Each structure stands twice: as C-alpha cells, then as structure tokens.
Peer 1: 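Quick one: the structure is below, questions incoming.
Counting from 1, the numbers follow the sequence of the chain as shown. Remember, it's a predicted structure, so these values are computed and weren't measured experimentally. Order of appearance sets the numbers: ligands from 1, and atoms from 1 within every ligand.
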Amino acid sequence: ELVLVTGANGFVGSHVCRELLNKGYRIRVAVRSESKANDVKKVNPQHKDRIESVIVPDITSSGAFDQAVQGCDYVMHIASPFTFDIKDNEKDLLLPAREGTKNILQAASTHKSIKRVIITSSFAAVVDVSKGLRPGYTYTEKDWNPATWEEARKSDNPGFVYCASKKFAEEEGWDFVKNRKPSFDITTICMPMVYGPVAHHIDSLDHLNESSMQIWQIVNGKSNKIPETVFPGFVDVRDVAVAHVAALTTASASNSRYLVSSGIYRFEQVTAIVNKKYPDRKLPEGDTSRLDCYDIDGSKAERELLQRPYINFEKCISDEVEQLYELEKKT
Ligand code: NDP
C-alpha cells in the first residue's frame with residue numbers, strides 16, 4: 001500500500017518513513033526540493049525501490065497536493081513549520097500550518113482510494129498557554145488551545161504563535177470532516193516535545209530541528225546555565241513514529257484524537273543523565289525533582305496505538321545525546 005508522507009525529510013517525518021518502510025509500505029514523499037527527496041532516499045538505501053518522491057514547492061498554494069495524492073491509500077500530513085525564528089506570524093507559521101492541511105484534505109477528498117489521513121498535530125493544539133504550568137491539572141484529548149487567529153496574528157510571542165498554528169491546522173481537519181463528509185477518516189496525533197535520536201540527513205549540528213537543537217544547546221558544553229523548562233511534556237520520536245503508523249490501521253483510530261505523551265521532564269534531568277554517562281562533560285546540574293506542573297494523559301495512545309509502555313526520559317535522552325556526540329566527532 002502507498003502512503004503519501006509530507007515533511008518526510010524532517011525529524012519526525014524521517015522516523016515515520018523508516019517505520020512505514022520497516023512495516024512494508026511503499027511511500028511517496030512530498031518535499032520542497034529534489035535534493036530533499038534525495039536526502040530521504042539516502043538515509044534509507046535498503047528500501048529505495050519503495051520510495052517515490054514528489055516536489056511540492058509551496059504547500060499553501062491551492063491545489064498544491066492534487067498530483068501528489070494520486071493512487072495513494074493513506075496520507076500522513078506531517079509538514080508544518082516548527083520554528084520560533086519568525087518575521088511574519090501569518091506567512092511564517094499560521095498560513096503554512098492551516099492552508100497546508102486544508103490543501104491536502106481537499107486533494108485527498110477527490111481520490112476515493114484514500115482510506116485515512118493522519119494529521120500530525122501537537123500538544124500545542126491542546127494546551128492553554130495563558131494558564132502557564134497549571135499544577136494539578138491533567139490535559140486530555142478533550143482540551144483545546146483557546147487562542148484566536150487575531151491574537152495569534154498580533155502576538156509578539158513566537159511560542160504562542162506556533163501553538164496557535166497547530167491548533168488552527170488541526171481544527172481545519174475536524175471542520176473538513178464535519179462539513180465535507182469525505183470518504184476517508186482522519187486521526188490526529190498530538191505530541192508534546194519530541195526528543196530522541198535523529199534519523200534524517202544532517203549536514204551540521206548548527207542545522208538541527210528545533211526540539212533536537214534545544215537538547216544540543218544544553219549538552220554541547222557551551223553554556224553553564226540550564227534553561228527554564230517551558231514545555232515540560234515529552235515523548236520519544238520512535239514512539240511517535242510507531243503511533244503514526246499504527247493509527248493507519250487501528251479501527252478505533254478512525255476520527256480519533258490522540259495525545260501521544262510519555263510524561264513530564266525538566267531540563268535539569270538532561271544534564272544529570274549526561275553527567276552520569278559522560279562524567280568528563282561536567283555539565284551544570286540542578287534540581288531534578290518533578291516540576292510542579294500539569295500532567296498529560298497519554299494513556300489512550302499507549303493502549304490503542306503503541307500497545308506497550310512509552311520509552312522513558314532516560315533512554316530517550318541517553319540515545320539522543322550518544323548520537324549527537326558521535327556527530328560532534330565527525331563535524
Ligand atoms: P522539522 O523542522 O524537522 O520538520 C518539519 C518538516 O515540515 C520538514 O520536512 C519541513 O520541510 C516541513 N515544512 C516546514 N515548514 C514548511 C512549509 N512552510 N512548507 C512546506 N514544508 C514545510 O520538525 P519536526 O520534524 O519536529 O516537525 C514535524 C511535525 O511535528 C510538525 O507538524 C510539528 O508541528 C510537529 N511536532 C513536532 C514536535 C517536536 O518536538 N519536534 C512536537 C509536536 C509536534 P523543509 O525541510 O523543506 O523545511
């Protein structure tokens with residue numbers, strides 16, 4: 001079966017591609033350039049006969065995915081900007097998130113062969129940023145980020161704008177299903193910070209994706225301060241990939257929303273894990289007790305999609321940092 005994967009060259013997309021290929025699917029990767037398509041093929045040399053590519057230069061243009069969806073059985077819509085380095089809230093974050101989702105659903109709705117569309121959403125679409133760390137509260141799949149487009153358009157807080165972009169993108173999916181009643185169903189996957197080893201092509205440690213960069217900046221030895229943990233939920237990228245692929249064929253995932261979250265962390269745990277494994281690094285240490293903050297209930301995805309316990313923080317960070325230090329030696 002053929003799966004269209006957007007954002008396939010990114011951190012999350014590469015792990016999803018790897019999991020799809022390992023499970024025997026054929027994939028068609030939608031990326032912005034030929035060289036990015038080659039990057040995906042290069043990191044999966046043993047499967048290259050099951051990888052097709054299609055170049056979609058601008059996901060916000062109407063009809064962007066009309067060719068890409070042809071003949072596909074499933075769609076994984078992962079592409080969306082995850083950056084806090086923005087100049088124009090609408091152009092850089094809000095529009096690619098929302099219009100990308102709208103355009104892929106529109107394209108999918110004209111192809112009866114498509115059974116399900118998985119939309120990579122985020123805990124950002126769930127959390128109420130204005131309530132801060134909200135000790136004692138447990139977020140579930142019922143919660144929605146209350147941000148409005150107007151607030152997001154005008155905000156000077158890129159974190160707030162990013163969260164809003166994910167809310168509008170996911171909402172677009174649910175509105176499409178409700179109003180257009182397409183023949184496919186959708187599943188949305190909402191994960192907090194995603195950490196763990198990278199599976200995509202990286203030309204330099206200066207060009208890591210946002211969440212990997214956050215860990216690298218803590219462990220690269222260049223700072224003696226541990227940053228504040230603003231988004232204290234995490235999940236391992238390998239669990240995210242398993243959840244995405246399981247969602248394709250799990251009956252209960254039909255028109256279902258999942259929080260895919262392993263638990264709560266704080267950055268002080270990162271340096272403690274690294275110092276234990278690499279005492280010579282002598283990273284700054286701090287309070288590693290549980291942060292006084294909300295909980296995130298990831299149990300539905302654990303039960304229905306993973307069907308095994310989530311990877312814990314120690315393994316997630318330890319595997320990621322081991323790989324980052326290897327890459328450091330090579331660059
Ligand atoms: P990456 O930056 O590694 O990947 C983002 C992917 O989306 C890339 O393939 C990128 O393509 C593509 N993309 C970004 N902006 C655009 C755009 N304007 N037009 C077309 N393609 C675009 O980030 P992640 O892999 O971490 O993010 C993937 C998804 O996971 C996103 O939807 C993100 O919101 C979500 N997510 C990530 C979390 C994390 O902690 N990493 C947490 C929760 C959700 P290109 O290389 O061409 O820029």
Peer 1: Do any heavy atoms of Phe123 fall under 4.0 Å from ligand 1?
Peer 2: no
Peer 1: Heavy-atom distances under 4.0 Å decide this one: backbone, side chain, both or neither, for Phe82 against ligand 1?
Peer 2: side chain
Peer 1: Where's the contact between Pro96 and ligand 1, heavy-atom distance under 4.0 Å: side chain, backbone, both or neither?
Peer 2: side chain
Peer 1: Heavy atoms only, cut-off 4.0 Å: how does Lys36 contact ligand 1, side chain, backbone, both, or neither?
Peer 2: side chain
Peer 1: Identify the two heavy atoms, one from Val3 and one from Leu248, that lie closest to each other, and give their separation to 0.1 Å.
Peer 2: CG2-CD1, 4.3 Å
Peer 1: Taking 4.0 angstrom as the limit and counting only heavy atoms of Ser122, give me the atoms of ligand 1 inside it, by number and element.
Peer 2: 43 (C), 44 (C)
Peer 1: Which is closest to atom 13 (N) of ligand 1 by heavy-atom distance: Ser33, Ser80, Gly7?
Peer 2: Ser80
Peer 1: Find all atoms of ligand 1 within a distance of less than 4.0 Å from any non-hydrogen atom belonging to Ile59, and give their numbers and elements.
Peer 2: 19 (N), 20 (C)
Peer 1: May I ask which of His244, Arg32, Met191 has a heavy atom nearer to atom 43 (C) of ligand 1 than the others do?
Peer 2: Met191
Peer 1: Give the single entry among Val12, Ile78, Ile189, Val5 that approaches atom 29 (C) of ligand 1 most closely by any heavy atom.
Peer 2: Ile78
Peer 1: Parallel under 30°, tilted from 30 to 60°, perpendicular over 60°: which one fits the rings of Tyr325 and Trp216?
Peer 2: perpendicular
Peer 1: For atom 12 (C) of ligand 1, what's the nearest protein heavy-atom neighbour? Residue, atom name and distance, please.
Peer 2: Ala79 CB, 3.9 Å
Peer 1: Under 4.0 Å, heavy-atom basis, I'd like to know which part of Phe231 is in contact with ligand 1: side chain, backbone, both or neither.
Peer 2: neither
Peer 1: Within a distance under 4.0 Å of any heavy atom of Met193, pick out the atoms of ligand 1 and give their elements.
Peer 2: 40 (O)
Peer 1: Pull out every atom of ligand 1 sitting under 4.0 Å from any heavy atom of Lys166, numbered as shown with elements.
Peer 2: 31 (C), 32 (O), 33 (C), 34 (O)
Peer 1: Could you measure the distance from the CD atom of Glu141 to the CG atom of Leu259? Nearest 0.5 Å is fine.
Peer 2: 4.5 Å
Peer 1: Do me a favour and list the nearest non-hydrogen protein atom to atom 4 (O) of ligand 1 with residue, atom name and distance?
Peer 2: Gly10 CA, 3.6 Å
Peer 1: What residue and atom, counting heavy atoms only, is the protein's closest point to atom 30 (O) of ligand 1, and at what distance?
Peer 2: Thr120 CG2, 3.6 Å
Peer 1: Cation-pi between Arg266 and Phe313: NZ/CZ under 6.0 Å from ring centre and within 45° of the ring axis?
Peer 2: no
Peer 1: Tell me: protein heavy atom nearest atom 41 (N) of ligand 1, and distance?
Peer 2: Ser211 OG, 3.0 Å
Peer 1: Which pair of heavy atoms, one from Leu4 and one from Cys72, lies closest together, and at what distance?
Peer 2: CB-SG, 3.7 Å
Peer 1: Work out whether the distance between some heavy atom of Gly100 and some atom of ligand 1 is less than 4.0 Å.
Peer 2: no
Peer 1: Return the minimal non-hydrogen interatomic distance between Ala30 and Phe65, and the atom names on each side.
Peer 2: CB-CE2, 4.4 Å
Peer 1: Does the ring of Tyr74 carry Lys115 above it, NZ/CZ under 6.0 angstrom from centre and within 45° of its axis?
Peer 2: yes
Peer 1: Roughly how far apart are Asn44 CG and His200 NE2, rounded to 0.5 Å?
Peer 2: 13.0 Å
Peer 1: If the test is side-chain hydrogen bond (donor to acceptor under 3.5 Å, both in side chains), which one of Glu304, Arg303, Lys300 qualifies with Ser252?
Peer 2: Glu304
Peer 1: Specify the protein heavy atom at minimum distance from atom 8 (C) of ligand 1: its residue, its atom name, and the distance to 0.1 Å.
Peer 2: Asn9 OD1, 3.7 Å
Peer 1: Are Ser35 and Asn38 linked by a side-chain donor-acceptor pair shorter than 3.5 Å?
Peer 2: no
Peer 1: Just heavy atoms, cut-off under 4.0 Å: does His200 contact ligand 1 by side chain, backbone, both, or neither?
Peer 2: neither
Peer 1: Crowded around Lys48 NZ? As in, over 12 foreign heavy atoms under 6.0 Å?
Peer 2: no
Peer 1: Within 45° of the ring axis of Trp144 and under 6.0 Å from its six-membered ring centre, is that where the NZ or CZ of Arg257 lies?
Peer 2: yes
Peer 1: Measure across Pro197 and Gln323 and return the closest heavy-atom pair with its distance rounded to 0.1 Å.
Peer 2: CA-OE1, 3.3 Å
Peer 1: Checking a contact table here: which protein heavy atom is nearest atom 3 (O) of ligand 1, and how many Å away?
Peer 2: Phe11 N, 2.8 Å
Peer 1: So between Ser121, Cys163, Ala124, whose heavy atom ends up nearest atom 44 (C) of ligand 1?
Peer 2: Ser121
Peer 1: Could you go step by step and tell me if Ser211 and Phe234 meet the side chain to side chain contact (heavy atoms under 4.5 Å, CB included) rule?
Peer 2: CA-CA 10 Å; Ser211 56; Phe234 83 96; over 6 Å; no
Peer 1: Starting from atom 33 (C) of ligand 1, find the nearest protein heavy-atom neighbour and note its residue, name and distance.
Peer 2: Tyr162 OH, 3.5 Å
Peer 1: For ligand 1, is there an atom lying under 4.0 Å from some heavy atom of Ser212?
Peer 2: no
Peer 1: Just to confirm my output: which protein heavy-atom neighbour is closest to atom 40 (O) of ligand 1, and how far is it?
Peer 2: Val194 N, 2.8 Å
